[in-house]
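The structure under discussion appears below in the form of structure tokens.
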Protein chains: 2
Amino acid sequence: MAGRRSVEVARSTRERILRKAADIASVEGLGGISIGRLATDLDMSKSGVIGHFGSMEELQLATIDLGSEIFKRLVWDPALPEPSGRQRLLAVCDYWSAYSANPPYPGGCLIATASMELAGQSGPVHERLAGYLTLWHRTLAAEVRYGVEHAQLAASTDPDTVAYILQALTSSIKTATHLSAVPEAADRCRTAMRAVLAGDGADPTDGLR
Amino acid sequence: MAGRRSVEVARSTRERILRKAADIASVEGLGGISIGRLATDLDMSKSGVIGHFGSMEELQLATIDLGSEIFKRLVWDPALPEPSGRQRLLAVCDYWSAYSANPPYPGGCLIATASMELAGQSGPVHERLAGYLTLWHRTLAAEVRYGVEHAQLAASTDPDTVAYILQALTSSIKTATHLSAVPEAADRCRTAMRAVLAGDGADPTDGLR
DNA sequence: CCTACCGATCGGTAGG
DNA sequence: CCTACCGATCGGTAGG
């Protein structure tokens, strides 16, 4: 009825606000989000915007949550049908580099931008992001470990190092493409990722050359 | 005399302002710099701060210049005595990873932070940073090319890909250390870098595994 | 969800 | 280099 409908409307307004906040943050960082600007862009009042969250900090936390959900949906979920280990990792790399090269935000991956911005700061927003990134690193490392244990990757492979390398290669696509005049960054990333996961019995830290 | 002395004083004040601006930007990005905050931190008036630069944009440009100078002094200059090619690249990687793991700023490498922040934006500050990064990428790639031409690195090596990989590995030290609970990031970066430049005749994109 | 408002801070300038 | 000031915008609240 009326109550149900208004709850639904409120939820969709909240989502509209968060999508806009994520778009802004992808370009200028979470610090670029402002209540007044969101209100102007969305044709709302400032109190209408912040009323959904209570404070700027809560809005930033919700933006991080949305960014994490979108990342999971576009990079991890579609790779899940693949068998565990090397094959799943190869699929993750494909979806991940495609996501980074053609991001669902105007300014590139929101998580990558926020990571560099929040790395040196402290507080709840830092902690929230750190939780997601630590989880992702462990997910990747666990997948590598599975590959090693099932002889899909060389026994000398260090799961944490490979997870680190994959993360580094993807998060540099944004800066390389837009700042270092390296438009082919996404291709180079994919080449390097597949070399790391070549699985021809060589040690993964051979694959980078 | 008095004139000379005042010029010198002004220059040293300008440098104090820029050092502080660089420290702030390394933590919060160039957007975190504010004239009022610099004035408070340095016990000056706001007009005393901005008078040295004319505008916020000029202050940010000067901060980028300082960051580039510091990077060159700590990473490139000390590697120059090494012979061109693979040996010089190995030295660059040592200085670079040490600089990234133990940066001369409270918030990590200023250039890395500003790169992610400015990648999606446009304007003079973006252009200034892009110039430095493009130059650095070309410097690295040229050094790799020299190594290939002198049989220090495998003939199949792609200089641009190797330059991309080295840049990616170092710029992720900051986020991995502070957000992904990977305190050994600097070691992993160095391991991967040396693998890329192993020079044992294998293709560099073998080195990553 | 709105209007109307709060104190604080923003970049920048005038005048000295 | 300073004080004093400008209009604009910040996050947030009161009251409806």
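Just so it is clear: chains get the letters A, B, ... in the order the sequence lines come, proteins before strands, and each one is counted from 1.
Rounding to whole angstrom units, CD1 of residue A:Ile50 and P of C:dT3 are separated by 17 Å. When rounded to the nearest whole Å, the span between CD1 of B:Ile33 and C1' of C:dC10 equals 14 Å. Rounded to an integer number of Å, the gap from A:Asp43 CG to C:dC1 P is 13 Å. Rounded to a whole Å, the CZ atom of A:Arg37 is 16 Å from the C1' atom of C:dC10. Residue B:Leu30 contributes atom CG, which lies 17 Å from atom C1' of C:dC10 at whole-angstrom precision. Between B:Leu38 atom CG and C:dG12 atom P there is a gap of 12 Å when expressed in whole angstrom units. Summarising the geometry, the separation between CE on B:Met56 and C1' on C:dT9 is reported as 13 Å, rounded to the nearest angstrom. One interatomic measurement links the two molecules: CD1 of A:Ile35 to P of C:dC2, which rounds to 14 Å at whole-angstrom precision.
Among the heavy atoms of the strands lying under 4.0 Å from B:Ser34 are primed sugar atoms or P, OP1, OP2 only; no base atom is included.
Of the possible polar contacts, none joining the A:Gln60 side chain to the A:Val125 backbone as a donor-acceptor pair under 3.5 Å is found. In this structure, the side chain of B:Tyr132 does not engage the main chain of B:Asp65 through any donor-acceptor pair within 3.5 Å.
In this model, a side-chain donor or acceptor of B:Ser47 finds a partner on the base of D:dT3 within 3.5 Å.
Closest to the side chain of B:Val9, from the set D:dT13, D:dC1, D:dC2, is D:dC1. When the nucleotides C:dC1, D:dC2, D:dT13 are ranked by their closest atom to the side chain of B:Met44, D:dC2 comes out on top.
With respect to the salt-bridge test (charged N to carboxylate O, under 4.0 angstrom), the residues A:Arg145 and A:Glu149 do not qualify.
Atom OG1 of B:Thr175 sits about 11.5 Å away from atom NE2 of A:His137, to the nearest 0.5 Å.
In plain terms, the two heavy atoms of A:Leu197 and A:Cys93 that are nearest each other are CD1-SG, 3.7 Å.
In this structure, D:dG16 forms a base pair with C:dC1, meeting either the Watson-Crick or the G-U wobble geometry with both donor-acceptor distances under 3.5 Å.
Where B:Lys46 and B:Ile17 meet DNA chain D, the nucleotide closest to each residue was compared, and B:Ile17 sits on the side nearer the 5' end.
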